[in-house]
Amino acid sequence: MAVVQITRIVRFNAAHRVYNPALSDEENQRLFGKCNNPNWHGHNYTLEVTVEGAVDPITGFVVNLRDIKQVVEREVVEHVDHKNLNLEVPFMAGTIPSTENFVLGIWRVLAPAVAPARLARLKLWETENQYVEYDGR
Ligand code: NI
């Protein structure tokens, strides 16, 4: 059975401060640099959501991309766009809002929500020069 992957891309922006309250101010500054700015800063994020499955012989689709678009908007974009990741996003509560932790948080909300499609991979760009990837392992 052929497995085909399809990807939906969304863009949003959000503010954060990357710091660990368990560490001293000096240690936070040394570890996180500009991302430790106490008065926050923002990023224009790009999220690539890849789902996979068999092609349905009735529709010719793995999944209706319209449904995936709605799920990503409802479960992720509405909660994070123009928000502060440290203060306002329930699925990021209690975590250091690094791109790594952000992609894990997004996975936790999206994986069950895209069923019956299977979430295969998330790619989260924090700047145009760097991204993190996660495939559920
Ligand atoms: Ni940052």
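Counting convention: from 1, in listed order, for ligands and their atoms alike. Start at 1 with the first residue, then count along the sequence.
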*Just wondering, do H43 and C35 contact through their side chains at under 4.5 Å, heavy atoms?*
yes

*asked:* Check for me: within less than 2.8 Å of the Ni ion (ligand 1), which protein N/O/S atoms show up?
replied: H16 NE2, C35 SG, H41 NE2, H43 NE2

*Do H79 and E73 come within less than 4.5 Å of each other through their side chains, counting heavy atoms only?*
no

*Taking the side chain as C-beta and beyond, is there a heavy-atom pair between N36 and R17 under 4.5 Å?*
yes

*asked:* Does any part of the side chain of W125, heavy atoms only, come nearer than 4.5 Å to the side chain of L47, both counted from C-beta?
replied: no

*Mind checking whether Y45 and F12 have ring centres under 6.0 Å apart?*
yes

*Quick one: do V80 and F102 satisfy side-chain contact (heavy atoms from CB on, under 4.5 Å)? Show the steps, please.*
CA-CA 10 Å; V80 301; F102 197 14; 4.0 Å; yes

